[in-house]
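Heads up, the thing below is written out as structure tokens.
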Amino acid sequence: MAALRHGAALRSISAVSRPATLTRTRALTRQSSVSLARMAHTFSVPEPDAPEVKTAIPGPASKKYIDKLDKVFDTRSLNMLADYTKSAGNYIVDPDGNTLLDVYAQIASIPVGYNNAALRRVAKSGQLISALINRPALGNFPSHDWADILETGILTVAPKGLNQVFTGMAGSDANETAFKAAFMWRRQRERGGPSVEFTAEELESSMVNQTPGASSLSILSFKSAFHGRLFGTLSTTRSKPIHKLDIPAFDWPHATFPLLKYPLEEHAEENAKAEADSLAEVEHLILNYHIPPAAVIVEPIQSEGGDNHASPAFFRGLRALTKKHGVLLIVDEVQTGVGATGKFWAHEHWNLSEPPDMVTFSKKAQTAGYYYGDPALRPNKPYRQFNTWMGDPARAILFRAIIEEIQSKGLVKKTAEVGDYLFSELQGLAKKHPGQFENLRGKGQGTFIAFDNPKRDEFLKKAKNFGVNIGGSGESAVRLRPMLVFEKKHADILLAALDKIASS
């Protein structure tokens with residue numbers, strides 16, 4: 001560890017775990033010339049061979065920048081300061097020259113690596129430059145090519161059965177506008193259809209925040225869920241008190257998300273009961289909660305809440321319940337979407353007979369919004385779902401380039417393959433280090449993998465000393481969120497570092 005702090009690359013760590021790790025390291029050496037040639041075309045800044053830790057983190061240069069920043073910006077949540085001009089591929093670099101393998105990726109938001117050459121080319125294009133310097137108020141003054149941008153980008157990866165999109169600014173915004181769509185859809189149905197005019201009482205009462213104009217409806221979410229920090233989404237976020245303290249909240253219902261036990265194959269009966277109990281609770285709340293739910297919102301994997309999983313059967317049951325009772329199903333794919341689970345959308349793993357009503361997205365898409373298919377989810381009058389920007393064409397163009405990069409290089413399939421390899425190797429580490437990799441989960445879910453560690457925060461801090469940037473979630477989870485360009489060689493570097501952290 002001391003050697004690393006003074007500049008040794010992680011290749012010197014790799015030798016500590018033999019024989020498997022040594023074999024992996026030798027294989028990496030044989031592949032290096034081919035990989036470097038390929039990476040030179042992929043990233044405008046060459047990707048490093050391995051992590052390198054030169055100083056404590058933060059080091060003197062970083063501390064200088066942090067002190068300067070703190071005078072004008074709250075730095076209390078700062079994880080590490082980065083120099084993005086030098087970061088490349090899977091590696092994040094700080095002002096002191098510390099180079100870390102980044103398997104946190106800006107909280108799961110970098111899709112195809114830092115300084116990706118294809119994205120930089122698009123960034124220099126006339127179309128993106130025009131979108132940046134002539135940003136339109138999309139609801140009033142969309143550009144002549146806005147439909148083409150959507151049809152050749154965002155809509156090419158629309159979930160099955162959903163052929164329209166409302167674009168937004170961030171994940172919280174995507175969910176909040178989806179909530180609005182659900183409320184307007186429900187009241188329109190109760191009113192008798194889109195052609196029925198609002199009553200004078202509805203118009204007048206809405207201006208004083210009273211019913212019937214301000215509807216008495218809710219959104220049903222789950223315990224430990226995270227759907228954002230905006231005012232409305234906070235009433236569905238239930239991961240940490242710090243997010244919610246002091247903020248007025250809606251009296252909205254929440255059901256218990258099934259808390260599965262691992263290994264799954266050893267707890268099949270208990271887990272099935274937990275999922276059945278959860279579905280029964282959802283149905284009870286739909287039927288009996290004093291503020292009726294217009295929609296249920298759920299994450300395919302509860303990410304901020306601790307990487308909590310449920311089976312495809314559970315989600316199929318949830319879809320059946322919402323259809324049965326005329327309640328919308330919103331699937332929050334803000335963190336799980338765009339390939340990380342080995343499918344472009346995580347809910348594809350469920351094999352639903354009918355699609356969700358809305359799917360929200362952001363993070364790796366580098367833009368945001370929600371997909372939908374039912375025309376009734378488009379409000380019956382203009383300005384009901386509206387703001388100045390209503391998205392960002394520049395970011396939509398960037399997402400199109402991300403999609404092209406993912407598809408041209410088969411990155412979703414590769415993520416599934418690398419994830420299978422990584423999970424298998426982590427099972428070996430769990431046996432080698434009992435108690436350090438508890439409740440390993442994410443099998444068959446690409447690189448969207450997590451485990452629990454009893455000293456999680458200390459584990460994450462140590463990881464930086466060994467050249468790896470990792471994130472946590474929930475009370476004790478260590479979550480892996482690599483980019484889609486994370487290859488087997490990167491997995492081997494990560495595994496060697498995890499082995500060393502667990503041994504230290």
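Along the sequence shown, the residues carry numbers beginning at 1. The analysis underlying the following values was restricted to heavy atoms, covering all of them including side chains, and did not include hydrogens, waters or symmetry mates.
In summary, D452 and R456 do not engage in a salt bridge, as defined by a charged side-chain N under 4.0 Å from a carboxylate O. Taking 4.0 Å as the cut-off between side-chain N and carboxylate O, K414 and E487 do not count as a salt-bridged pair. With respect to E190 and R186, a salt bridge is recorded, a charged nitrogen being found less than 4.0 Å from a carboxylate O. Comment: R191 engages E202 in a salt bridge, judged by a side-chain N to carboxylate O separation of less than 4.0 angstrom. Here K409 pairs with E405 in a salt bridge; the nearest charged N to carboxylate O distance falls below 4.0 Å. Salt bridge K443/D420: absent, no basic N to carboxylate O contact under 4.0 Å.
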One pair to check against side chain to side chain donor-acceptor pair (under 3.5 Å): H267 and N271. What are the steps and the verdict?
CA-CA 6 Å; H267 300 91; N271 289 340; 5.4 Å; no
Go through the steps to decide whether D145 and Q127 satisfy the test side chain to side chain donor-acceptor pair (under 3.5 Å), and finish with yes or no.
CA-CA 10 Å; D145 57 353; Q127 187 179 43; 2.9 Å; yes
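Looking at E333 and W345, their side chains come closer than 4.5 Å, going by heavy atoms from C-beta outward. When side chains are defined from C-beta on, S278 counts as touching P258, because their heavy atoms get closer than 4.5 Å. L480 has its side chain out of reach of T447: every pair of non-hydrogen atoms, C-beta onward, lies at least 4.5 Å apart. For the pair D357 and D374, the minimum side-chain heavy-atom distance is 4.5 Å or more. Side-chain contact between F222 and R238 is absent, with no heavy atoms from C-beta onward closer than 4.5 Å. For the pair F486 and L422, the minimum side-chain heavy-atom distance is below 4.5 Å.
Under the 30°/60° scheme for interplanar angles, the aromatic rings of F257 and F315 are found to be tilted.
Remark: K488 qualifies as a cation-pi partner of Y421 under the 6.0 Å distance and 45° angle criteria applied to the six-membered ring. Remark: R319 fails to qualify as a cation-pi partner of W350 under the 6.0 Å distance and 45° angle criteria applied to the six-membered ring.
Heavy-atom minimum distance, T336 versus S303: CG2-OG, 4.3 Å. Minimum heavy-atom separation, W252 to S235: CE3-CB, 3.7 Å. Across all their heavy atoms, T233 and S172 have their closest contact at CG2-O, 3.4 Å. What you find for F250 and G232 is that their closest heavy atoms are CE1-CA, 4.2 Å. I154 and A396 get closest at one heavy-atom pair: CD1-CB, 4.1 Å. Of all heavy-atom pairs spanning A295 and I330, the tightest one is CB-CD1, 3.8 Å.
Taking OH from Y91 and CG from N469, the interatomic distance works out to 12.5 Å, rounded to the nearest 0.5 Å. A distance of 5.0 Å separates CD1 of I397 from CG of L128, quoted to the nearest 0.5 Å. The structure places CD1 of I291 at 12.0 Å from CG of L285, a figure rounded to the nearest 0.5 Å. With rounding to the nearest 0.5 Å, the separation of OH in Y289 from CG in L217 is 12.5 Å. The structure places CG of N308 at 8.5 Å from CG of L260, a figure rounded to the nearest 0.5 Å. Distance check: L220 CG to T236 OG1 gives 10.5 Å after rounding to the nearest 0.5 Å.
Between the side chains of Q302 and D307, not a single donor N or O lies within less than 3.5 Å of an accepting N or O. Side-chain polar atoms of R316 and N351 form no donor-acceptor pair below 3.5 angstrom. In this structure, a donor-acceptor pair under 3.5 Å is present between the side chains of D102 and Y114. Remark: the N175 side chain and the T360 side chain contain an N/O donor-acceptor pair separated by less than 3.5 Å. Between H243 and R229, the side chains place a donor N or O and an acceptor N or O closer than 3.5 Å (distance only, hydrogens not considered). Side-chain contact check for H490 and E47: at least one donor-acceptor pair (N or O, by modelled atom type) lies under 3.5 Å. Side chains of S311 and E275: a donor on one and an acceptor on the other come within 3.5 Å. Side-chain contact, E281 with T256: a donor N or O sits under 3.5 Å from an acceptor N or O. A donor and an acceptor atom, one from each side chain of R479 and Q335, are located under 3.5 Å apart.
Surrounding CD of E269 are at most 12 heavy atoms belonging to other residues, nucleotides or ligands under 6.0 Å away. Counted within 6.0 Å of NZ on K160, heavy atoms from surrounding residues, nucleotides or ligands total 12 or fewer; the atom is thus considered open.
With sequence neighbours left out, the ring-ring contact (aromatic ring centres under 6.0 Å, His included) criterion links F141 to no other residue. D392 pairs by the salt bridge (charged side-chain N to carboxylate O under 4.0 Å, His left out) definition with nothing, not counting sequence neighbours. For the salt bridge (charged side-chain N to carboxylate O under 4.0 Å, His left out) test, no residue two or more places apart in sequence or in another chain qualifies with K223.
Taking the six-membered ring wherever Trp is involved, the centroid distance between the rings of Y372 and Y370 falls below 6.0 Å.
Partner F451 forms a ring pair (Phe, Tyr, Trp, His ring centres under 6.0 Å) with one of F437, F423, Y262 and no other, that one being F437.
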